[in-house]
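One structure is given here, and the rest of the page talks about it.
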Amino acid sequence: MKKTPFVTKEQLDRIVEQYPTPFHLYDEAGIRENARKLKAAFAWNEGFKEYFAVKATPNPTILRILQEEGCGTDCSSLTELMMAERVGFRGDDIMFSSNDTPAVEFQKARELDATINLDDITHIDFLQKCAGIPKKISCRFNPGGVFELGTDIMDNPGDAKYGMTKEQLLEAYSRLRDLGVETFGIHAFLASNTVTNEYYPRLAKILFELVVEIRETTGVKIDFINLSGGVGIPYTPDKEPNDIMKIGEGVRKVYDEVLRPAGMGDVKIFTELGRFMLAPYGCLVVRAIHEKHIYKEYIGVDACAVNLMRPAMYGAYHHITVMGKEDRPCDHVYDVVGSLCENNDKFAIDRKLPEIEIGDLLVIHDTGAHGFSMGYNYNGKLKSAELLLCEDGSVKLIRRAETPEDYFATLEGFWNETGGDHE
Ligand SMILES: *Cc1c(COP(=O)(O)O)cnc(C)c1O
């Protein structure tokens with residue numbers, strides 16, 4: 001299989017005339033088409049709603065596009081709530097799935113009437129004190145142990161800091177009901193970046209059976225089940241992408257087997273996808289600015305881990321296309337590196353690529369989620385611009401690149417006293 005960028009060399013050559021590299025570029029048509037597919041896959045469930053995980057791609061223009069496609073937002077911090085508010089999300093359009101939550105964030109979530117998804121049983125008292133208990137609330141479940149699909153271990157919930165044990169969960173629902181809560185939800189996130197159509201159906205079965213048990217033991221009826229994130233994308237070209245229609249069908253089957261016979265055929269299904277909604281519809285566009293021949297062959301580009309942290313942080317693979325050389329043989333082996341004084345700042349290691357010349361444009365694929373947003377400012381490096389390739393083929397700047405002034409703006413005392421940032 002081959003990964004083809006959503007933008008052509010001709011388009012990119014025009015874009016870089018106006019906007020210098022590096023930048024993240026997003027594909028509006030791809031985002032919309034994918035969001036519609038997700039909606040179609042769950043159309044069998046009347047209350048279905050996707051709450052886009054804002055942390056994946058916190059840009060108001062992107063949020064607006066998803067809003068137009070009927071999505072809400074999943075926030076987990078003050079600024080994510082503020083951004084959602086500014087774009088016009090409120091009330092049932094906002095899920096607040098945070099953890100280790102500061103009081104001001106609960107207060108903001110209550111002000112926006114967001115659905116709070118409680119990460120822990122001790123947060124009931126904390127929330128009651130700092131912001132009051134709302135009429136609608138969700139609780140996050142952690143089954144512990146390892147999460148298996150067939151013979152594969154998908155992830156390790158027992159080691160994860162999130163959610164409540166089953167005993168805590170049952171107690172939490174009873175307490176919340178006694179505190180006046182009328183509408184209840186449940187949430188679990190058990191495996192990340194799953195590239196299989198089986199993850200959601202498996203998770204759904206666990207949650208659906210639990211929801212039946214919760215009603216039997218506590219009398220609390222769950223109104224919505226939040227399957228959260230975790231549906232992944234194939235970063236490597238050899239993997240088959242998930243089929244969202246099959247995933248939706250798989251969840252429907254379990255719904256019909258478990259919930260309908262229990263008289264719960266009106267329970268709403270929610271998702272909080274981030275990666276699946278955006279990752280393939282964004283790329284990082286960089287230019288080769290150096291080549292270096294020592295014990296290995298290096299290509300230095302004009303971006304670094306500040307612009308895309310996943311390879312440095314997780315050893316993640318991101319496919320690279322050398323624009324204009326798609327059909328040339330991959331007969332060179334390179335480390336494609338950034339400029340940080342940090343040896344893990346490598347976008348690719350021992351990657352077979354066509355011969356790269358200084359000035360070549362490289363597209364680093366699948367950076368639309370957890371790409372720009374994980375950025376930081378190590379080495380005083382600045383975050384890049386974000387551009388939107390619109391459906392009509394035009395290009396819009398949706399976030400300008402940081403400037404040195406932005407970087408220095410938070411310094412107090414010395415910087416201002418010495419007049420460093422004015423005059
Ligand atoms: C990160 C996160 C998501 C999104 O995860 P993806 O892997 O991007 O789908 C959803 N919900 C919560 C609570 C998260 O922390």
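Each ligand, and each atom within it, is numbered from 1 in the order the structure gives. All of these numbers come straight from a predicted model, not from anything done at the bench.
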Check your understanding: Do Tyr162 and Phe189 have ring centres separated by under 6.0 Å?
Key -> no

> Is there a donor in the side chain of Gln67 and an acceptor in the side chain of Arg64, or the other way round, less than 3.5 Å apart?
Replying inline: yes

Validation: residues 306-314 side-chain donor-acceptor distances under 3.5 Å, sequence neighbours left out:
residue	atom	partner	partner atom	Å
Asn307	OD1	Cys304	N	3.0
Arg310	NH1	His318	NE2	2.9

Sub-6.0 Å ring centroid separation between Phe208 and Tyr255:
yes

**Report entry** Flag for Glu105-Ser98: side-chain donor and acceptor within less than 3.5 Å
**Finding:** no

Give one line per pair: atom of ligand 1, protein atom, distance. Only N/O to N/O under 3.5 Å.
residue	atom	partner	partner atom	Å
ligand 1	8 (O)	Arg275	N	2.8
ligand 1	8 (O)	His370	NE2	2.7
ligand 1	9 (O)	Gly230	N	3.1
ligand 1	9 (O)	Gly274	N	3.0
ligand 1	11 (N)	Asp74	OD2	3.2
ligand 1	11 (N)	Ser228	OG	3.3
ligand 1	11 (N)	Glu272	OE1	2.7
ligand 1	15 (O)	Lys55	NZ	2.7

Run Tyr26 and Glu386 through side chain to side chain donor-acceptor pair (under 3.5 Å) and show every step you take. CA-CA 8 Å; Tyr26 301 100; Glu386 293 181 290; 2.5 Å; yes

